[in-house]
Amino acid sequence: MSWEKTIRERRSIRKFNSDPVTEEQIAALFREAEGLCPYDGRARWRYLYAGTEEARRRLADYLLEKVLDSKMARLVPGKLIEVYRKRFMEAQANVVVIAEKDNDPSKHDENYGTVCRILQNAQLLGWKRKLGMIWVTESYIQNETFFARIGLQANERFVGVLQIGHFDKTPKGKSRTPAERFWTDGGERPNRSGEIRPDTRELVLELLNHAVWAPNHGLREPWRFHYRSGDAVRGLQTGTAEARELLIVTNKQESDELKRNENLAATFCLVQNFKLLGEERGLTGKVVYPEWMRDREACQRLGIPDKERAAAVVEIVRGPESKQTSRASAEASPRWSLL
Ligand SMILES: Cc1cc2nc3c(=O)[nH]c(=O)nc-3n(C[C@H](O)[C@H](O)[C@H](O)COP(=O)(O)O)c2cc1C
């Protein structure tokens, strides 16, 4: 199945059947997901797996502990709590995902961005194998009690729980807004030296219109796209000398930290979709987090609206210069332990 078809057809699954899923299967899936997202150095994230009935019950208890302890519990009928517990226990496999924080803002963004992109790979690879998933980040689970139970350290951040299982029914997809609505370009056109291929802009837009089928909580579609090329990007440090075309992917500013993280995570899923789609169409997209993307003046010069924050920059390389994405980290073993 092509990435295009998988990306468009994948749905978040919230109702699982009881067909078995093994830890080996899921660990192998995550190794493959990491292999599709090469990174430098060691993994700066880890996974906690809950698959046995006992571990799943424990995870459900941890997820609900704060709700049960709080004043809210008196307002939430016992039956409803049981519905939640059942829902949390239904998925045969669960992966709690934790990323490292970093004092260096580029590394901090990159750690979170990379693990979110790996989770999107896992969702897509799972879909190809008829495994459904839901990425859970509900506000009522994000509290100190739950974080203490999963052993979250001060230098770590919670990314989410990925619930995984087989399923009987595929929910209908909710339509996405065309990428053009969220798009600006600098108006540059191909120059005589042939630095910019005339059809790249169109291809980028075409790929984005598939990439917008990324999961995103509350269907907030938090992404915005700014395509810049030619003189506008000359001299900007990005990492790859050949890249003369950049796709700057931004988010609307968001003051609520939880929503901000969900928006960022969804945007990284979209970026990973774009990268996979590009590989199918001879376009190499290198995801980078340069310092200037956090610099207000540099962003203003690029015409990025004040109300937006850059999530990542994708350097676009086409034609003979295109390099195959390295699979260097495919052999790396994810940091995997049992909950
Ligand atoms: C970072 C992230 C967090 C999410 N958190 C939740 C969640 O807590 N509960 C939930 O039901 N769905 C969650 N979702 C799934 C979205 O609601 C779902 O992607 C969206 O409704 C679009 O549906 P689709 O994935 O089937 O295209 C999350 C998705 C992402 C990417």
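Keep in mind that this is a model prediction, so the values were computed, not measured. Order of appearance sets the numbers: ligands from 1, and atoms from 1 within every ligand.
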Answer yes when Glu4 and Arg8 have at least one side-chain N-carboxylate O distance shorter than 4.0 Å, and no when they do not. no
Identify the closest protein heavy atom to atom 10 (C) of ligand 1: which residue and atom is it, and at what distance? His217 CE1, 3.5 Å
Under 4.0 Å, heavy-atom basis, I'd like to know which part of Asn216 is in contact with ligand 1: side chain, backbone, both or neither. backbone
Examine the proximity of ligand 1 to Lys174 and report which part, side chain or backbone, both or neither, has a heavy atom under 4.0 Å away. neither
Under 3.5 Å, is there a donor on one side chain and an acceptor on the other for Asn17 and Asp168? yes
Name the orientation class of the two ring planes belonging to Phe147 and Phe158 (parallel below 30°, tilted from 30 to 60°, perpendicular beyond 60°). tilted
Tell me the nearest of Arg87, Arg176, Arg11, Arg8 to atom 22 (C) of ligand 1, using heavy-atom distances. Arg176
Examine the side chains of Arg44 and Thr114 and answer whether a donor and an acceptor come within less than 3.5 Å of each other. no
Measuring from non-hydrogen atoms of Arg10 to any atom of ligand 1, is the shortest distance under 4.0 Å? yes
Between Glu82 and Lys86, does at least one N-O distance fall below 4.0 Å, as a salt bridge requires? no
With a 4.0 Å cut-off, would you call Glu100 and Arg335 a salt bridge? yes
List the closest protein heavy-atom neighbour of atom 3 (C) of ligand 1: residue, atom name, distance to the nearest 0.1 Å. Thr137 OG1, 3.3 Å
Taking only heavy atoms of Glu138 into account, list the atoms of ligand 1 that are under 4.0 Å away from them. 7 (C), 8 (O), 9 (N), 10 (C), 11 (O)
How far is atom 26 (O) of ligand 1 from the closest protein heavy atom, and which atom is that? Ser12 N, 2.8 Å
Minimum-distance protein heavy atom relative to atom 21 (O) of ligand 1: Arg14 NH2, 3.7 Å
Assert yes or no for the condition that the ring centre distance of Tyr140 to Tyr84 is strictly below 6.0 Å. yes
Out of Ser139, Gly173, Ala265, the nearest non-hydrogen contact to atom 1 (C) of ligand 1 is supplied by Ala265
